[in-house]
Amino acid sequence: MKKTQEILKHLFDLYEENENSKESIIRWCEKNMERYHMWEEAFAEYDMVDVFTALDNYWRFQNNKTKPTVAKILAMLNTNKEVEKEKPLDIADVKYFNIESNLMSRDLNLGRNKEYFLNDYRRAVNYILVDRLKELIGYDEYKKLSNQDKTKEITNKYNLALRNGLFNEFDDILSRVNCSGGTTQLKNVDDLVKSWRI
C-alpha cells in the first residue's frame, strides 16, 4: 500500500467498527480519487508516523466519533512543529525519538502492534535503556555511559542493550507498558525518565 493509503487505513481503523482490508482501502481510493489526491498532497511532506500520531491524538483527546478533516490534522501537525521550534525538546524525546519511530514504523509496516502509540514505544524503550540496562551492567558502568556526548551515549546504550538481548522481549514490554489504559505493570516507569539524568 502507498503511504496515503496506509494513513487512510489507519484513520478508518480508528473510526469504523468493521475491519478495513487493504483491498477495501484501495477500492475506496479508486472511487474517491479527488479526495485521495487531496490527502496525498496534504501529507506528502510529513512522516507517516507523525501523521499516525496526530490521528491517534485527535481520536484520543478531541473526538473519537467523527473523523477529522485534513485541515484539522494539518493544524495538529503544524502546532507540534511550532511547539518544537519554540521550546527545547525534553532530553528523553531527543534521545529516543529515532529508536521509537523506527520501531513503530517497522511494526506498522509488518502490521503488528497497531493498537500502540508513540508514547507507548517511548516508555518501553525508556524502560529497557534505563532500568534493564542499569540492572545488567551496574550503576557505575551505567553512569560512565551517561557521561558521554549525547548522540554517542544513546548509540552506545542502544547497541549494548541490543547485543545483550534486552530488546528480545520488546513486544511483551510494550504490552505491559500499555496495559490498563496506559497504566503500567512495570515498576516505577514514570520515575525512569528522571533516573536517565543520573
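This structure is a prediction, so every number in the text was calculated from the model and none was measured.
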So, do [X] and [Y] sit near enough that their side-chain heavy atoms are less than 4.5 Å apart?
X: L103; Y: L174; result: no
X: D171; Y: S175; result: no
X: I99; Y: Y121; result: no
X: I73; Y: W39; result: yes
X: L118; Y: D56; result: no
X: I173; Y: R132; result: yes
X: L133; Y: N164; result: no
X: K157; Y: Y142; result: yes

Hey, is the main chain of [Y] close enough, under 3.5 Å, to the side chain of [X] for a donor-acceptor pair?
X: Q5; Y: K2; value: yes
X: N32; Y: R35; value: no
X: D131; Y: Y127; value: no

Inset, instruction - Give a yes or no on whether F117 and I128 share a hydrophobic cluster (residues Ile, Leu, Val, Met, Phe, Trp, Tyr; joining criterion: side-chain heavy atoms under 4.5 Å apart). - result: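 No.
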
Legend entry - Co-membership, hydrophobic cluster, residues F170 and L166, 4.5 Å side-chain: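 They do share one cluster, since a chain of ILVMFWY contacts under 4.5 Å joins F170 to L166.
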
Can you find a side-chain donor-acceptor pair between [X] and [Y] that sits under 3.5 Å?
X: R123; Y: N126; value: no
X: S24; Y: K9; value: no
X: Y116; Y: D107; value: no

Can you measure from [atom1] ([X]) to [atom2] ([Y]) and round to the nearest 0.5 angstrom?
X: I26; Y: L8; atom1: CD1; atom2: CG; result: 11.5 Å
X: I7; Y: E40; atom1: CD1; atom2: CD; result: 9.5 Å
X: T53; Y: M104; atom1: OG1; atom2: CE; result: 5.0 Å
X: Y15; Y: L11; atom1: OH; atom2: CG; result: 7.0 Å
X: N57; Y: N119; atom1: CG; atom2: CG; result: 7.0 Å
X: Y36; Y: W28; atom1: OH; atom2: CH2; result: 10.0 Å

Inset, instruction - Considering only NZ, NE, NH1 and NH2 on the basic side and carboxylate oxygens on the acidic side, decide whether R27 and E30 come within less than 4.0 Å. - result: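 Judged by the 4.0 Å cut-off on N to carboxylate O distance, R27 and E30 do not form a salt bridge.
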
Inset, instruction - Considering only NZ, NE, NH1 and NH2 on the basic side and carboxylate oxygens on the acidic side, decide whether R176 and D172 come within less than 4.0 Å. - result: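 A salt bridge links R176 with D172.
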
Legend entry - salt bridge (charged side-chain N to carboxylate O under 4.0 Å, His left out) against E115, all qualifying residues, sequence neighbours excluded: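 By the salt bridge (charged side-chain N to carboxylate O under 4.0 Å, His left out) rule, E115 matches no residue at all.
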
Legend entry - All salt bridge (charged side-chain N to carboxylate O under 4.0 Å, His left out) counterparts of K67, not counting sequence neighbours: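 Residues passing salt bridge (charged side-chain N to carboxylate O under 4.0 Å, His left out) with K67: E16.
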
Inset, instruction - Given salt bridge (Lys or Arg N to Asp or Glu O under 4.0 Å), test E6 with K3 step by step and report yes or no. - result: CA-CA 5 Å; E6 292 280 2; K3 173 182 161 183; over 6 Å; no

Inset, instruction - For residues N63 and K65, report the shortest heavy-atom separation together with the two atoms involved. - result: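 Heavy-atom minimum between the residues: OD1-N, 2.7 Å.
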
Inset, instruction - Specify whether H10 and F52 have parallel, tilted or perpendicular ring planes, treating 30° as the upper limit for parallel and 60° as the lower limit for perpendicular. - result: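 Rings of H10 and F52: parallel, under 30°.
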
Inset, instruction - Evaluate the side chain to side chain contact (heavy atoms under 4.5 Å, CB included) criterion for residues V70 and F43: first the C-alpha distance (whole Å), next the side-chain angles of each, then the deciding distance (0.1 Å), finally the verdict. - result: CA-CA 9 Å; V70 170; F43 301 111; 4.1 Å; yes

Legend entry - Within 6.0 angstrom of E41 CD, more than 12 heavy atoms from elsewhere: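 It does not: E41 CD has 12 such atoms or fewer within range.
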
